[in-house]
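What follows is a set of notes on a single structure, which appears directly below.
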Amino acid sequence: MLDKQALRNDLAAVAARLATRGYVLDTAKFDQLEGERKVIQTRSQELQAKCNAASRQIGYNRVKGNDVSAFMAEVANLGDELKQLETRLEKVQHELNAFLSVIPNTPHESVPVGKLEADNQEVRKWGAPPKFDFVVKDHVGIGEGLGGLDFETATKISGARFSLLKGPLARLHRALAQFMLDLHTEQHGYIETYVPYLVNADSMYGTGQLPKFEADLFSVNASAVYTTEEINQVELDKIEEKERRVTLLRTKQHNKFYLIPTAEVPVTNMVRDEIVPLEKLPLKFVAHTPCFRSEAGSYGKDTRGMIRQHQFDKVELVQIVHPEKSYEGLEELLGHAEAILQKLGLPYRVVKLCTGDMGFSAALTYDIEVWLPAQNTYREISSCSNFEAFQARRMQARFRNARGKPELLHTLNGSGLAVGRTLVAVLENYQQADGSVVVPEALRPYMGGMEVIRAD
RNA sequence: GGAGAGGUGGCAGAGUGGUCGAAUGUACCUGACUCGAAAUCAGGCGUAGGUGCAAGCCUACCGUGGGUUCGAAUCCCACCCUCUCCGCCA
């Protein structure tokens with residue numbers, strides 16, 4: 001959520017910033033809604049003040065035995081207009097909220113302006129792509145050759161875009177997650193967390209997935225509800241029962257659970273509706289969780305292999321920071337994610353996303369792309385973003401500043417790293433001519449000392 | 001799943017349908033006393049929004065949403081959450 005104050009004060013400037021990321025802000029609509037809101041709210045509050053005063057007089061005078069009919073009449077007169085105004089105010093405020101809640105964040109001034117992935121800016125490269133004197137296989141070929149990667153069975157059990165690991169590959173997957181968690185907690189100062197995988201709508205709203213991206217999420221009902229059909233079947237004379245069911249439907253729907261698309265959601269929402277004491281900042285959390293994405297609209301992209309899945313594991317880094325420290329924090333967090341790749345000896349590059357390629361809530365995003373020999377290119381393995389106060393404002397996540405006043409925090413997060421894609425990168429970069437895969441040294445302690453994964 | 005209890009300010013904890021945004025205690029801040037601290041005393045101390053150059057004034061908020069009423073923290077209904085006990089369960 002953008003700062004309403006900023007929109008009121010300098011609408012044109014905000015619109016211009018948003019235009020760089022391809023978002024057309026309907027300034028006329030904002031002006032109209034905001035103008036309406038102002039008039040209605042002012043008038044409505046004025047009437048409320050009058051009603052309150054009159055009601056107080058009724059109480060006061062009744063005790064004294066005075067006639068109160070004049071006051072009663074006054075309230076009755078104001079009542080109708082007030083009720084009307086309140087209804088209109090609620091409506092306009094809903095519209096204003098709906099309007100604001102789907103506006104993306106404004107990009108930081110350092111973000112390169114562009115539309116496509118091609119406009120992203122390479123920041124640095126690390127490591128050299130390995131040379132092979134044989135024809136390289138992709139991770140699917142390698143994994144199936146080793147007998148540990150089985151898409152057919154995964155498809156039988158669930159469907160497309162799921163994968164199944166067995167034996168040393170399943171262990172490698174676990175080893176990667178453990179290695180990442182250990183590095184971040186022991187070397188980088190993050191607190192390990194275990195968090196819910198099913199979250200409520202408020203949490204999804206807080207980090208920006210809702211209301212705009214519901215189609216990308218999986219959801220489940222918190223409990224059984226009446227269907228609209230069942231409600232309509234209730235006899236007309238049982239109005240009370242009908243109303244009861246309608247309320248139930250509404251509240252239960254509101255209370256449905258969503259499967260997290262990233263640990264960013266539960267972890268960042270730890271500070272929702274909280275006021276964090278200044279001295280506790282920065283908060284640094286790491287979590288290893290599965291992530292669930294419906295990947296609506298991704299049909300045809302990366303259909304082979306485990307690059308794009310409905311379910312994948314990720315180790316996520318989250319920092320909750322003082323607003324003045326957020327860009328410093330982002331560089332630090334990016335370094336923490338890079339450290340994993342360096343220790344695994346996987347070549348990568350860091351790119352700064354252009355305005356058009358950034359996610360909805362981000363003000364600045366770095367992607368880390370790992371080298372994949374079979375694709376002869378770099379592919380995204382981590383995304384590290386500064387959301388500034390965008391998420392904090394939605395979450396009412398604040399800290400108490402030096403003057404003792406609550407102020408919005410800044411939130412950061414980044415993958416450290418996507419476990420599935422890291423597994424892919426290890427398989428492809430460490431493959432041997434005979435189909436075996438060398439285990440990177442950093443992982444060997446987590447693999448019981450295993451140096452090479454061979455077909456069984 | 002069954003039975004019961006409860007949700008009020010940072011925390012604890014009062015609250016009769018009528019100046020209750022809410023007593024009191026505690027924490028915190030400021031001042032006095034003190035060489036300093038503790039203790040004591042005095043004052044201050046919620047959040048959000050509107051309006052105003054400002055001091056200020058106004059509105060909303062006592063789990064959430066409805067209802068009754070001129071007026072609701074207080075009465076009624078539904079829902080959510082927490083706790084205790086029983087059952088089931090990894």
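Within every chain, numbering begins at 1; the chains are lettered A, B, ... in the order of the sequence lines, protein sequences first and strands thereafter. These numbers were taken from a predicted model, which means no experiment stands behind them.
Using a 4.0 Å heavy-atom distance criterion, A:Arg43 is classed as making no nucleic acid contact. Using a 4.0 Å heavy-atom cutoff across all strands shown, A:Arg8 reaches sugar-phosphate atoms only and no base atom.
The distance between atom CG of A:Asp202 and atom P of B:G65, rounded to the nearest whole Å, is 12 Å. Across the protein-nucleic acid pair, A:Arg272 atom CZ and B:C81 atom P stand 14 Å apart, rounded to whole Å. Following rounding to the nearest Å, A:Leu47 (CG) and B:G50 (C1') show an atom-to-atom distance of 14 Å. Between the CD atom of A:Glu407 and the C1' atom of B:U47 there is a distance of 15 Å, given to the nearest Å. The interatomic distance linking A:Glu274 (CD) with B:G46 (C1') rounds to 15 Å, in whole Å. To the nearest angstrom, C1' of B:U69 lies 15 Å from CG of A:Leu82. Taking atom CD of residue A:Glu86 and atom C1' of nucleotide B:G66, one finds them 14 Å apart after rounding to whole Å. One can place CD of A:Glu74 at 13 Å from P of B:G71, the figure rounded to the nearest angstrom.
Closest-nucleotide positions on RNA chain B for A:Met72 and A:Lys4 were compared, and the one nearer the 5' end corresponds to A:Lys4. Toward the 5′ end of RNA chain B lies the nearest nucleotide of A:Gln396, the other residue of the pair A:Gln396 and A:Lys38 mapping further downstream.
If you check the side chains of A:Ser55 and A:Asn52, you find no donor sitting under 3.5 Å from an acceptor. Using modelled atom types, one finds no donor on one side chain facing an acceptor on the other under 3.5 Å when comparing A:Gln57 with A:Glu74.
Of the listed nucleotides (B:G49, B:U51, B:U47), B:U51 has the atom at the smallest distance from the side chain of A:Thr42. In this structure, of B:C70, B:U47, B:G49, it is B:G49 that holds the atom nearest to the side chain of A:Gln41.
The CG atom of A:Asp202 sits 12.0 Å away from the CE atom of A:Met395 when rounded to the nearest 0.5 Å. With rounding to the nearest 0.5 angstrom, the CG atom of A:Asp150 is 8.0 Å from the CD1 atom of A:Ile157.
Ion pair A:Lys156/A:Glu152 not flagged as a salt bridge, since none of the NZ, NE, NH1 or NH2 atoms sits closer than 4.0 Å to an Asp/Glu carboxylate oxygen. Salt bridge annotation for A:Arg37-A:Glu34: present, with a cationic side-chain nitrogen under 4.0 angstrom from a carboxylate oxygen. Note on A:Glu274 versus A:Lys280: no salt bridge recorded, every NZ/NE/NH1/NH2 to OD/OE distance being 4.0 Å or above.
The C1' atoms of B:A78 and B:C85 are separated by 26 Å, rounded to the nearest whole Å.
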Just to be sure I follow the notation: if a pair is Watson-Crick (purine N1 to pyrimidine N3 plus N6-O4 or O6-N4) or a G-U wobble (N1-O2 and O6-N3), each under 3.5 Å, what dot-bracket string does RNA chain B give, with | for pairs to another strand? ((((((((.[[[..)..(.....]]].(((((.......))))).((((((....)))))).[[[[[..)....]]]]])))))))....
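The aromatic rings of A:Phe162 and A:His310 sit tilted, their planes meeting at an angle between 30° and 60°.
Around atom NZ of A:Lys212, more than 12 heavy atoms belonging to other residues, nucleotides or ligands sit under 6.0 Å away.
Taking 4.0 angstrom as the limit, A:Arg393 places none of its side-chain polar atoms (N or O) nearer than this to OP1 or OP2 of B:A48.
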Could you list all N or O pairs between the protein and nucleotides 57-62 of chain B that sit under 3.5 Å apart?
residue: B:U59; atom: OP1; partner: A:Asn52; partner atom: ND2; Å: 3.4
residue: B:U59; atom: O3'; partner: A:Gln48; partner atom: OE1; Å: 3.4
residue: B:U59; atom: O2'; partner: A:Gln48; partner atom: OE1; Å: 2.9

Can you list the steps and then say if A:Gln391 with A:Thr268 is a side-chain hydrogen bond (donor to acceptor under 3.5 Å, both in side chains)? CA-CA 9 Å; A:Gln391 293 181 326; A:Thr268 310; 4.7 Å; no
